[in-house]
Every structure is written in C-alpha cells, then in structure tokens.
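Okay, so here's the structure we're looking at.
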Amino acid sequence: MALLRIENLGQAYKDAVILTDINLSLERGEVFALIGPTGSGKTTLMKLIDLLTKPSLGSIYFDEVDVTEAESDRLAARRRMSLVQQKPIVFNMNVYDNVAVGLRWRGVAKNSIREKAEHALDLVGMADYAHRDAKTLSGGETQRIALARALVIQPDLLLLDEPTANLDPNSVSKIEEVIEHVIKEHEISVFMTTHDMVQGQRLSHKVGVLIDGQMLQMGKPDEIFNAPQSKEVAEFVGIDNILAGTIEKKDGELADVKVAGGAISAISGFEKGESVYALIRPEDITLSLARDGGSARNVFGGVINKIITLGSLVHIEVDCGFPLFVVLTARSTIDMGLVVGTQVFISFKATAIKVIRRWS
Ligand SMILES: Nc1ncnc2c1ncn2[C@@H]1O[C@H](COP(=O)(O)OP(=O)(O)OP(=O)(O)O)[C@@H](O)[C@H]1O
Ligand SMILES: [Mg+2]
C-alpha cells in the first residue's frame, strides 16, 4: 500500500502550465529523488505534496485517503509529514527552541519535548549548539537545524527540497549521512528534489526526471543513468555524446549505426532502417596517440578540435568525421601533450553504446 500516490496531477498559474500529468507513488520506507533542471517544476510539485497549495488538476492520496480537496483530511495528512524548504529559515531563538517549537505547537508533553528535541539535535550532530542563537549559524549548520526540526515530529513522510544546494562538500556529506541514517533506522519515506544527479543516484530507490513540467522518465537509479529513454534525459544525466543515426546493418545483436560522417558498431535490438540515437558516455571512450589493437570494435582516427579545462578534468572534442567528447584528467592531457590540432585515436566498445529510438 502506497504512503503517497499522485494521479494525473497538473498545475498552472494563470496561463502558464508548470506541471503536466504527473503520476507517481511512494511506498513506506522508500526514497524518491526528483531530478531536473532549474525551473522544471520540482519545488512546485513538492509544495503540492506538502498540501499547502491545491493542484489545478488531478488527485493526491496520502495513506490511501484522498487529500486533494477536503481541509480536514489535508490537515490530518500534513501532521504526518514535514518539509525542509529549499532555503530554510530559522526562527530568531536559540537552536534548541528552533527544534522544540514544533512540538510545543503540537501540544506535546513538556518532558517528552526535551527528550525528542535532544535526540533530533543528536541525530544531525548539532547537540553542542543547543544554546547558540540560530541566526548566527553557517549555511550547512542552518540546514542541519532545519532537518532536525523536520525530524523531531517523527514524520511518516519527509520532504526535502534541494537539501544540499549551495553547501560546501563537507556539509553535503554530513547532511547525506543524516539522511541515510534516518532512512535506515526509521521506516520513513523521503521525497527529495535535487540538481545533483549523483546524489539522486546515491540516496534513492527511485528517480524521476522532471523536464519542463513533465516526468520524462521514472525508474531505478541505474536505469535512469545507464538507459535513458529520451535525448532530453540523456543530456540531463551527462551523456555528452548523442549521435543521430540509422541502423544500417544487423548481425544478430550487433548493429552498424550510420551517423553523419561515419558508422559505429553497437549492440542494439532495433531493426535495419530504424532511426535512432547512439548514446556514449565520455568516460567510456579511450583516447590514445597511436592506434592500438585493443578489443574495442570502434576505433577512429581524429583531430582535437577543442579543449576545455574544468578543474582537474579536461573535456576534449575530437573530430573523427563526427564530433565526440572525451574526458581526461588534466595530468594525462599534459603528459600526452594534447593541444588543439593533435592527431589522436579514439576507441570504445560496442557495449559502451546505448541505442535509443529517435523521435521527430
Ligand atoms: N506562484 C507562482 N506563480 C507563477 N509562476 C510560478 C509560481 N511558482 C513557480 N512558478 C514558475 O514555475 C516554474 C517552476 O518553478 P519551480 O520553483 O517549481 O522550479 P524548480 O524545478 O524547483 O527550480 P529550481 O531547480 O531552480 O529550484 C518556474 O518557471 C517558476 O517561475
Ligand atoms: Mg526548486
């Protein structure tokens, strides 16, 4: 039985359609990560689930009760969920009171408040900060207090809107540790949004990709990351090489995909003549200065067109009749003496290519 179920949900503000026909369900103890580019509607969907705003279309069920309309049902459901907002605000009081205040509002007995609040502060590693003025906390500390405040009521459903956006890596891993711990120890369901695909993959059981208000794909994390079903999702999950082509020849599972300027060997279930995209992750491509006789089916000579350094990684565009993006470390780029114009060889296995149907 699903704790949360959403059917044909739609949201519009005046003429602007923000969400279209969203369907999803969340079981007890399950973690759902909603990923998607900025402005795609993630926070809007989160607010609808938090039952603060009513949807323009569709239905929301909490614990199999329809909570789309009736105020009393919405209120009862709201008491069993808590939301950590994208930009959490703390109240102008000390850390302990920030966490305890929700329990006081709920009329929880005094002795029980202390125990619960202390436990929640412990959980997020902020017990030593109980008497600090909450307004003086850093971004990462504020986020942890917001999390403690959400957890203290022991919700059935925890809603986290970008829990680690704009935090330093150290704070990110602390927050993630807390989330992982809570998921494991308590039978809590989590619905979170994130820009960070790796985080979505790491923490969740199910991932949904929201682009332009539409849930383009939903599934297990590795399905989304390794087998995107559309060009939009492939782009969003960081597959830089998306080549439009046609299946030219078929030999069992092995297919020749004709792309503009060349042909590549891939494993594919599609038939001869079908229009497809060939998807190749840059990290699955090997770049070398000499043609080597490895086992890769795809070996192409090419010329470096562009080199873009991003931190310790270097993105290299190679023209091998068609453009291919490769990622190397800055170290190996220097060691190999790679510059624009260098002649190189590119190789990748047929199994490194994911072939999807091409639309339009
Ligand atoms: N109350 C509102 N009235 C009109 N438009 C709104 C309203 N709230 C949100 N929008 C619009 O809906 C779209 C989706 O916004 P939303 O905040 O849900 O995106 P998001 O995916 O959470 O983005 P981000 O990743 O930046 O947080 C945006 O274009 C936004 O301007
Ligand atoms: Mg948002």
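Fair warning: this is a prediction, and the values are worked out from it, not measured in the lab. All ligand and atom numbering here is 1-based and tracks the order in the structure.
The minimum heavy-atom distance between Phe62 and Ala77, with the atom names listed, is CD2-CB, 3.7 Å.
Of all atoms in ligand 1, listed by their number and element, those nearer than 4.0 Å to a heavy atom of Gln86 are 27 (O). Using a 4.0 Å cut-off to heavy atoms of Thr43, the atoms of ligand 1 that qualify are 17 (O), 18 (O), 20 (P), 22 (O), 27 (O). With ligand atoms numbered from 1 in the order given, ligand 1 contributes 18 (O), 19 (O), 20 (P), 21 (O), 22 (O), 23 (O), 24 (P), 25 (O) to contacts under 4.0 Å with heavy atoms of Lys42. Atoms of ligand 1 found under 4.0 Å from any heavy atom of Ser40, numbered from 1 in the order shown, are 19 (O), 21 (O). Within ligand 1, counting atoms from 1 as listed, the ones closer than 4.0 Å to a heavy atom of His195 are 25 (O). Less than 4.0 angstrom separates some heavy atom of Thr38 from each of these atoms of ligand 1: 23 (O), 24 (P), 25 (O), 26 (O).
Checked against a 3.5 angstrom limit, the closest N/O atoms of Gly36 and ligand 1 fall outside it.
The line from NZ of Lys135 to CG of Asn98 is 8.5 Å long, rounded to the nearest 0.5 Å. Going from atom CD of Glu64 over to atom CE of Met1 covers 5.5 Å, rounded to the nearest 0.5 Å. Rounding to the nearest 0.5 Å places CD of Glu232 at 7.0 Å from CD of Glu235.
Every heavy atom of Ala16 sits 4.0 Å or more from the atoms of ligand 1.
Contacts of Lys14 with ligand 1, taken as heavy-atom pairs under 4.0 Å, are absent altogether. When non-hydrogen atoms are compared, ligand 1 lies under 4.0 Å from the side chain of Ile18 (C-beta onward) but not from its backbone.
In Leu52, the CG atom is crowded: over 12 heavy atoms of neighbouring residues, nucleotides or ligands sit closer than 6.0 Å. Annotation: Lys272, atom NZ; neighbour count of heavy atoms from other residues, nucleotides and ligands within 6.0 Å does not exceed 12. For Phe32, the CZ atom is densely surrounded, since the number of other residues' heavy atoms within 6.0 Å is greater than 12. Other residues, nucleotides and ligands place more than 12 heavy atoms under 6.0 Å from the CZ atom of Arg78.
For atom 31 (O) of ligand 1, the protein comes within 4.0 Å by no heavy atom at all. In this structure, atom 6 (C) of ligand 1 is in close contact with the protein, since a protein heavy atom lies within 4.0 Å of it.
Looking at heavy atoms from C-beta onward, Asn241 lies out of side-chain contact with Val326 at the 4.5 angstrom threshold. The closest side-chain heavy-atom distance from Pro228 to Leu279 is below 4.5 Å.
Looking from atom 8 (N) of ligand 1 to the surrounding protein, the closest heavy atom is Tyr13 CE1, 3.5 Å. The nearest protein atom to atom 18 (O) of ligand 1, hydrogens excluded, is given as Thr44 OG1, 2.5 Å; this is a heavy-atom distance.
Among the atoms of Thr38, none of the N, O or S atoms falls under 2.8 Å from the Mg ion (ligand 2). Coordination check, Thr43 versus the Mg ion (ligand 2): passed, since an N/O/S atom of the residue sits under 2.8 Å.
Of the candidates Gly213, Ala12, Gly39, it is Gly39 that places a heavy atom closest to atom 29 (O) of ligand 1.
In this structure, Arg291 forms no cation-pi arrangement with Phe345, as its terminal cationic atom is not both closer than 6.0 Å to the ring centre and no more than 45° off the ring axis.
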